[in-house]
Protein chains: 2
Amino acid sequence: MSLSYALLGLLTYGPMTGYQLKKVFDESISHVWAASLSQIYRELSALEKKGYLSSNIEKQSDRPNKKIYSLTETGKAAFIGWLGHFPEKMLTPNRDEFMLRIFFGSRLDHKQVINELKRFIVQMDQYLSLLENIEDEFDVCSSKFSVESEAKEVLFWQLTIKRGHMTIKTLIKWAESCIEDINNFYTKQEEKKGD
Amino acid sequence: MSLSYALLGLLTYGPMTGYQLKKVFDESISHVWAASLSQIYRELSALEKKGYLSSNIEKQSDRPNKKIYSLTETGKAAFIGWLGHFPEKMLTPNRDEFMLRIFFGSRLDHKQVINELKRFIVQMDQYLSLLENIEDEFDVCSSKFSVESEAKEVLFWQLTIKRGHMTIKTLIKWAESCIEDINNFYTKQEEKKGD
DNA sequence: AGGATCATGTAACCGGTTACATGATTAC
DNA sequence: GTAATCATGTAACCGGTTACATGATCCT
């Protein structure tokens with residue numbers, strides 16, 4: 001599965017604990033592949049059993065001990081192998097609770113639908129500004145460290161964030177056009193009654 | 001869950017078999033919520049146990065008998081209840097195998113990445129024309145049947161397809177800009193070497 | 001002859017979600 | 001005082017995927 005390779009991929013940057021991996025996930029990959037802590041722990045122990053990872057425990061007196069995972073050679077090879085094989089079908093099936101309700105929107109009061117669309121826009125705006133902050137940080141990054149390898153990594157991270165940015169902007173435009181379309185439909189309906 | 005309500009929702013249009021539901025799904029809701037046949041059958045029997053659906057069997061001599069499901073009153077009430085309660089968070093977590101590889105794209109030969117992005121564009125173009133065909137059919141629909149209730153339904157179906165249309169178009173633009181960005185990065189890198 | 005369509009399902013698997021459990025430290 | 005952070009997990013559940021099973025008819 002993909003989650004395991006995401007973990008292996010992050011561990012190519014250096015050894016980490018499950019807890020640290022979760023944090024790195026949330027700040028980077030989560031925009032492309034989300035994961036919960038319990039899932040990460042479960043996956044890490046499975047990967048260790050497989051021999052893709054090794055672990056050593058760092059004792060701490062004040063806090064719980066750390067279990068630090070490192071990528072093995074076979075683990076790295078597995079990651080590289082996975083990375084080179086892109087999926088044939090690049091369209092991932094959508095499952096969207098919100099959209100499912102819009103599909104049946106004709107059964108609702110159109111004022112409620114418009115309210116929900118407005119809520120949708122607010123949420124997308126929030127997420128958009130979050131993405132814009134991340135983009136700003138990347139811009140700082142790529143100007144600071146102009147080492148070739150680091151700049152290259154930042155480039156691809158930027159591309160993933162850009163995708164989010166662009167699609168969210170489009171979704172906002174979509175929702176706005178929906179509100180218009182719905183309003184038009186209902187005003188036309190009333191004109192007909194007026195005749 | 002959502003699948004059950006999608007099924008209940010479709011059955012508000014009239015009684016159907018699981019097989020028929022699958023076909024309707026593929027032509028409409030699948031763009032918003034995909035489902036497999038085995039899943040539909042499993043779900044339908046669960047809904048019948050719950051009392052949301054009732055079934056009667058239509059005997060056929062040449063083909064397997066049909067098990068026709070109808071919505072019960074409690075089923076309809078459950079659907080309406082679900083429909084009115086939109087999820088608080090309208091952002092669904094992404095999980096995209098393709099994007100995960102782009103995230104680690106710095107570890108690949110940039111020519112391969114560009115090739116995969118081009119394949120991505122081809123696939124999106126195909127899906128786009130599919131969506132455009134659906135939109136054309138809807139346009140015919142809404143001009144043909146101008147009964148108020150039917151036109152209203154078509155309106156919301158159009159909105160769901162429009163979302164797909166707009167996001168796919170954006171994804172194509174994104175992929176094109178990625179190819180540019182990557183090419184720029186590598187030509188700049190070579191210029192530096194030339195100095 | 002071979003594949004699509006009609007029509008029903010079952011069973012196993014896999015991975016994502018939620019809830020539970022523990023417990024010290026630090027910051028407001 | 002109470003919430004967040006650090007740090008580890010386990011167990012149950014739920015829903016989506018894949019594979020299997022059956023069998024006639026219709027189209028190329």
Side-chain angles (χ1 to χ4, degrees), chain A residues 1-8 15-27 29-30 32-50 53 55-69 82 87-89 91-97 100, chain B residues 1-8 15-27 29-30 32-50 53 55-69 82 87-89 91-97 100:
Chain A
M1 329 124 267
S2 298
L3 173 60
S4 37
Y5 295 106
L7 292 169
L8 295 177
M16 265 184 280
T17 70
Y19 193 84
Q20 288 176 303
L21 278 163
K22 168 63 175 164
K23 290 179 84 183
V24 176
F25 240 86
D26 286 347
E27 288 164 9
I29 293 190
S30 69
V32 143
W33 198 282
S36 66
L37 240 185
S38 61
Q39 219 184 331
I40 289 173
Y41 282 125
R42 187 218 259 158
E43 208 54 48
L44 285 172
S45 55
L47 287 169
E48 197 180 7
K49 268 185 199 159
K50 262 194 179 177
L53 296 178
S55 67
N56 69 310
I57 288 162
E58 186 183 294
K59 281 172 189 161
Q60 296 191 138
S61 50
D62 52 336
R63 299 186 167 284
N65 293 341
K66 282 183 179 180
K67 193 173 184 181
I68 302 166
Y69 287 96
W82 167 84
E88 289 93 76
K89 297 209 169 182
L91 260 160
T92 48
N94 308 313
R95 285 194 181 86
D96 194 314
E97 286 223 29
L100 200 49
Chain B
M1 335 123 264
S2 298
L3 173 59
S4 37
Y5 294 105
L7 292 169
L8 295 177
M16 266 183 279
T17 70
Y19 193 84
Q20 288 175 303
L21 278 163
K22 167 64 174 163
K23 291 179 83 184
V24 177
F25 240 87
D26 287 347
E27 287 164 10
I29 293 190
S30 69
V32 144
W33 198 282
S36 66
L37 241 186
S38 60
Q39 217 184 333
I40 289 173
Y41 281 125
R42 187 218 259 158
E43 207 55 48
L44 285 172
S45 55
L47 288 169
E48 197 180 7
K49 267 184 199 158
K50 261 194 179 177
L53 297 179
S55 68
N56 69 311
I57 287 161
E58 186 184 294
K59 281 174 189 159
Q60 295 191 139
S61 50
D62 52 336
R63 301 188 165 282
N65 292 341
K66 284 183 178 175
K67 194 172 183 182
I68 303 166
Y69 286 96
W82 167 85
E88 289 93 75
K89 296 208 171 184
L91 260 160
T92 49
N94 306 314
R95 285 194 181 86
D96 192 316
E97 287 223 27
L100 200 48

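The structure displayed is predicted, hence computed values, not measured ones. Residue numbering restarts at 1 for every chain, and letters A, B, ... go by the order of the sequence lines. The figures that follow rest on heavy atoms only: side chains count, while hydrogens, waters and symmetry mates do not.
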B:Tyr69 vs B:Leu8 side-chain heavy atoms within contact, under 4.5 Å: no
Protein N or O to nucleotides 19-26 of chain C N or O, pairs below 3.5 Å:
none

Expected output: side-chain A:Arg95 to main-chain B:Val32 donor-acceptor under 3.5 Å: no
Least distance between heavy atoms, A:Ala35 atom then A:Asp26 atom: O-OD1, 4.5 Å
Between C:dA7 (P) and B:Leu44 (CG): distance, integer Å: 15 Å
Spacing of B:Leu44 atom CG and B:Lys49 atom NZ [to the nearest 0.5 Å]: 12.5 Å
Rounded distance [0.5 Å steps], NZ in B:Lys23 versus CG in B:Leu21: 12.0 Å
Qualifying residue, where the test is side chain to side chain contact (heavy atoms under 4.5 Å, CB included) with A:Thr17 and the options are A:Asn65, A:Ile57, A:Ile40, A:Ile68: A:Ile68
side-chain N/O A:Gln60 vs D:dC6 OP1/OP2, d < 4.0 Å: no
Side chain proximity check, A:Phe25 to A:Leu3, heavy atoms < 4.5 angstrom: yes
Heavy-atom closest pair, residues A:Glu43 and A:Ser4: OE2-CB, 3.8 Å
Terminal axis angle for the helix from C:dA1-D:dT28 to C:dC28-D:dG1, five pairs an end, nearest 10 degrees: 50°
Pairwise distance NZ(A:Lys22) to CE(A:Met16) - rounded to 0.5 angstrom: 14.0 Å
Between C1' of C:dA7 and CG of B:Asn56, the distance in whole Å: 15 Å
DNA chain D contacts among residues 16-24 of chain A, heavy-atom distance under 4.0 Å: A:Thr17, A:Gly18, A:Tyr19, A:Lys23
Taking every non-hydrogen atom, the tightest pair across A:Glu48 and A:Ser55: OE2-OG, 2.6 Å
Integer-rounded Å distance: D:dT5 C1' and A:Glu27 CD: 14 Å
Can you tabulate the close N/O pairs, meaning under 3.5 Å, that link protein atoms to atoms of nucleotides 12-16 of chain C?
residue	atom	partner	partner atom	Å
C:dG16	OP2	A:Gln39	NE2	2.1
C:dG16	O5'	A:Gln39	NE2	3.0
C:dG16	O3'	B:Arg95	NH2	3.3
C:dG16	N7	A:Arg42	NH1	3.2
C:dG16	N7	A:Arg42	NH2	3.4
C:dG16	O6	A:Arg42	NH2	2.8

Between P of D:dT8 and CG of A:Leu37, the distance in whole Å: 8 Å
Phosphate OP1/OP2 of D:dA7 contacted by A:Lys66 side-chain N/O (<4.0 Å): yes
With sequence neighbours excluded, residues passing side chain to side chain contact (heavy atoms under 4.5 Å, CB included) with A:Ser2: A:Trp33, B:Glu97, B:Leu100
A:Ile29 side chain near A:Val24 side chain, heavy-atom distance below 4.5 Å: no
Partners meeting side-chain hydrogen bond (donor to acceptor under 3.5 Å, both in side chains) with B:Glu27 (sequence neighbours left out): none
